[in-house]
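Down below is the structure, laid out as structure tokens.
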Amino acid sequence: MAMACKDGGKIGIMDNGKYVRYTPEQVEALERLYLECPKPSSIRRQQLIRECPILSNIEPKQIKVWFQNRRCREKQRKEASRLQAVNRKLTAMNKLLMEENDRLQKQVSHLVYENGYFRQNTQSATLATKDASCESVVTSGQHHVTPQHPPRDASPAGLLSIAEETLTEFLSKATGTAVEWVQMPGMKPGPDSIGIVAISHGCTGVAARACGLVGLDPTRVAEILKDRPSWFRDCRAVDVLNVLPTANGGTIELLYMQLYAPTTLAPARDFWLLRYTSVLEDGSLVVCERSLKNTQNGPSMPPVQQFVRAEVLPSGYLIRPCDGGGSIIHIVDHMDLEPRSVPEVLRPLYESSTVLAQKTTVAALRQLRQISQEVSQSNVTQWGRRPAALRALSQRLSRGFNEALNGFTDEGWSTIGNDGMDDVTILVNSSPDKLMGLHLSFGNGFPAVSNTVLCAKASMLLQNVPPAILLRFLREHRSEWADNNLEAYAAAAVKVGPCSLSGSRVGNFGGQVILPLAHTIEHEEFLEVIKLEGIGHTPEDVIMPRDMFLLQLCSGMDENAVGACGELIFASIDASFADDAPLLPSGFRIIPLDSGKEASSPNRTLDLASALEIGPAGSKEPNEYSANSACMRSVMTIAFEFAFESHMLEHVASMARQYVRSIISSVQRVTLALSPSHLGSHAGLRAPLGTPEAQTLARWICQSYRCFLDAELLKSSNEGGDAILKSLWHHSDAIMCCSLKALPVFTFANQAGLDMLETTLVALQDITLEKIFDDHGRKTLCSEFPQIMQQGFACLQGGICLSSMGRPISYEKAVAWKVLNDEENAHCICFTFVNWSFV
């Protein structure tokens, strides 16, 4: 029997009724050895005794017990530390929830009082006072018009007065009932959620509020949030024009901020702001801001070309330190984005508090959580790069796409004439800053020097298709909308000349491989490398096609993220993948316009090829799709960049227009295939999950499972074929079938199986069985395969397998059985993976 002594360092074992105690010198030697090897083998323990004379009088069995107890103590220490951290987090979350509950109770009391007051006035109204009340209504309506205040004094004293007023109004929104807040759709608070997110109801402009916990100290939190361009993708620049210290130790800053326009259909926004940073009496740090209007005796910012001046109402961040480390943060964003300056169809983007919450408020919390995780964990990831560097690459892709989309003249962009149609806009840029180093990036197969960049951009309105599903398809099936790589196409246009491109394109896809690089905590954004196999840059490359690589940023594939913008942005990179390599981003942005409605179910799995060729594949009935998506609208913006020599401008512009128009046609075809109305009509199409063949396969799978394992795969086995198929499709375990060929490939998977493999029904057919198993799994499968064919089934121990994206997946156990058809001949092999999860 082994036990730890009270001094915490000496360990003994029972020997003839007595405890054998170690001397301090022996404990020190064992601790030193433990740091080198916590779990020594029997041979290593004997070697330790020989190498350390001080341990010569200790038996190997005693050494073994000491190491066992030492490992146990280490495990207990780590678990205690983890539980303490969890307890601190739960305590802080409990405090935050109690405060939120108090605020909600105050809001309820306030609303009850208002309701009683209006009810009393309504009941006491008489016919004699009707005219007076009408006059009162007209008068009261005038009070809602923003009064024209006299110019505010912009002297230091006047600015301090504005700052204190801003602070008071901000705190009333963050912790009080100055604004009626309602929970944001799809953002339910919980222990592992990003925080408590709410949007405004019935106030001027659009407003969003969030509360959350982050593992960073308040000063660091304020530093990150004040650097808005680092986390707010729509922020082009924040210029600090003046800084004034205050007597209470705070600072007043005068800022000029510019935001990118999200589409080609609306102008960009800019703001003239006052930002006030101060510390409250309870030690909380506050950063609040508002727009400056009608100020005198001080600096001002006149209107700027290409921008519409918008207004920030009192907003900011309340950051309070937590006991044991970290911070509790309250965020309020309140803006008037001047929706009257955009086309009516786009006004929901500028009038929706949900869009503001997703793009700004939630983005701030996610940035803080991401940095907090990177600080607390190892900062080395794949390829030896640091997460900050990967974050910077994502930022560069997004920023470069926004620059091309907006085409500001002060960055060197200018518009060239169209060809009589205004569906595609062409911009060119010859500024040195834009072109610096491009010849290094595109030296392989591209001209030695490119002195001009061209951007072709367009926007289109999409109807009745969930943006997340469309985006997911564009990512997984590039060949459906692009016949060849854009950079290869542009290079061919330059090297080969106009004559060689008339009537056909040079180069085509041999296939694409998605290589995961990094992702954010909640998997709302992915950074990956796309390998395009067998690309031909020029006719000479047909003999020896090359592989090309794209750095790709993908976000917005979560169908439950109400109001979230989806992006698929990519740029060509070379094999060296240098951190400072220039990027010319191209891609798609899809913004939902009906952000107030719930998104469609996340269980839907579709792919374009199945919708266009063999029908739609999904987990719902067509009527369910129509009910959820009948009024769904979104705007897609497309932008593609090309580098070339200036003398080829006319031809490359023509090529770019043709290319973007072909992509627009492809997207329209995809949208039609994925729309609920198309899903509901089965004329000329076969739906894999609704055909008799699919129902028959489901019946064979269940019958064979019952035959070989003497158990039921599904709870109810007496249902009809359609019901069996639905139950199988929605089964919680991953179920998938593979062929009986020499190199088995997957032919069918249920919803959980597709989620596990991170693929779609059509792409599933390109995945071989051996590809998803590691070396140990392949050896086990080879040894068990004869048993499956002879006895009909085999049970495999838990292990690790890989998704199509290369992500490791752990599973508790797997069962494989032979699926027999009605003639009792082997049709395929079926696998079920129980309790699987991504590692």
Side-chain angles (χ1 to χ4, degrees), residues 1-88 215 373-387 772-784 795-802 806-814 834-839:
M1 173 182 179
M3 65 177 297
C5 299
K6 293 182 179 180
D7 58 12
K10 300 179 180 180
I11 307 293
I13 62 171
M14 187 74 74
D15 185 13
N16 297 327
K18 297 181 180 180
Y19 293 114
V20 177
R21 298 183 178 274
Y22 300 105
T23 65
E25 292 78 12
Q26 290 175 328
V27 171
E28 182 180 356
L30 290 170
E31 287 285 353
R32 188 167 56 252
L33 296 172
Y34 178 83
L35 294 176
E36 298 175 0
C37 181
K39 196 172 182 179
S41 62
S42 175
I43 297 176
R44 176 58 177 157
R45 290 195 298 269
Q46 295 176 359
Q47 184 181 0
L48 292 177
I49 295 176
R50 291 195 300 269
E51 293 177 352
C52 291
I54 197 173
L55 302 176
S56 58
N57 62 336
I58 302 177
E59 297 180 1
K61 184 179 179 180
Q62 296 174 358
I63 297 290
K64 178 181 179 181
V65 172
W66 186 93
F67 273 92
Q68 288 176 343
N69 289 334
R70 181 62 179 84
R71 291 195 300 271
C72 182
R73 289 207 315 275
E74 181 70 16
K75 183 178 180 181
Q76 291 174 343
R77 184 188 64 79
K78 291 181 179 179
E79 181 65 13
S81 177
R82 187 188 68 83
L83 292 176
Q84 289 174 358
V86 171
N87 183 63
R88 287 195 299 268
Q373 185 193 50
E374 293 167 7
V375 170
S376 62
Q377 297 183 1
S378 173
N379 59 357
V380 177
T381 59
Q382 298 181 36
W383 298 7
R385 298 178 182 271
R386 298 179 181 274
I772 73 167
F773 286 100
D774 58 8
D775 291 338
H776 175 72
R778 280 191 286 269
K779 291 179 181 178
T780 303
L781 186 63
C782 290
S783 62
E784 297 291 344
C795 294
L796 310 178
Q797 295 181 349
I800 300 293
C801 61
L802 300 175
R807 281 210 287 170
I809 304 164
S810 67
Y811 57 93
E812 184 178 303
K813 69 174 182 178
V834 181
N835 293 338
W836 64 272
S837 62
F838 291 108
V839 178

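Worth saying up front: this structure is predicted, and the values here are computed from it rather than measured. Hydrogens, waters and symmetry mates are skipped; everything else that's a heavy atom, side chains included, is used.
- Crowding of Ile43 atom CD1: a count of heavy atoms from other residues, nucleotides or ligands under 6.0 Å not exceeding 12.
- Here Leu781 contributes atom CG and Lys779 contributes atom NZ; the two are 13.5 Å apart, rounded to the nearest 0.5 Å.
- Taking 4.5 Å as the limit, every side-chain heavy atom of Tyr22 sits out of range of all side-chain heavy atoms of Leu55.
- Ile63 is not listed as a side-chain neighbour of Pro40, based on a closest heavy-atom distance of 4.5 Å or more.
- The salt bridge (charged side-chain N to carboxylate O under 4.0 Å, His left out) test applied to Glu28 returns no partner, not counting sequence neighbours.
- What you find for Tyr811 and Ile800 is that their closest heavy atoms are CE2-N, 3.9 Å.
- A salt bridge is absent between Arg71 and Glu74: the closest approach of a Lys/Arg side-chain nitrogen to an acidic carboxylate oxygen does not fall below 4.0 angstrom.
- Side-chain contact between Leu796 and Glu784 is present, with at least one heavy-atom pair separated by less than 4.5 Å.
- Closest of all the heavy-atom pairs between Ile58 and Gln62 is CG2-OE1, 3.1 Å.
- Atom CD1 of Ile809 is separated from atom CD1 of Ile772 by 7.5 Å, given to the nearest 0.5 angstrom.
- Of all heavy-atom pairs between Pro808 and Leu802, the closest is CA-CD2, 3.8 Å.
- Between Glu31 and Val27, the closest side-chain pair of non-hydrogen atoms falls below 4.5 Å.
- Shown here are the salt bridge (charged side-chain N to carboxylate O under 4.0 Å, His left out) partners of Arg32, two or more places apart in sequence or in another chain: there are none.
- Lys61 places none of its side-chain heavy atoms less than 4.5 Å from the side chain of Arg45.
- Remark: side-chain polar atoms of Gln46 are not paired, donor with acceptor, to backbone N or O of Pro60 under 3.5 angstrom.
- Taking 4.5 Å as the limit, every side-chain heavy atom of Thr780 sits out of range of all side-chain heavy atoms of Phe773.
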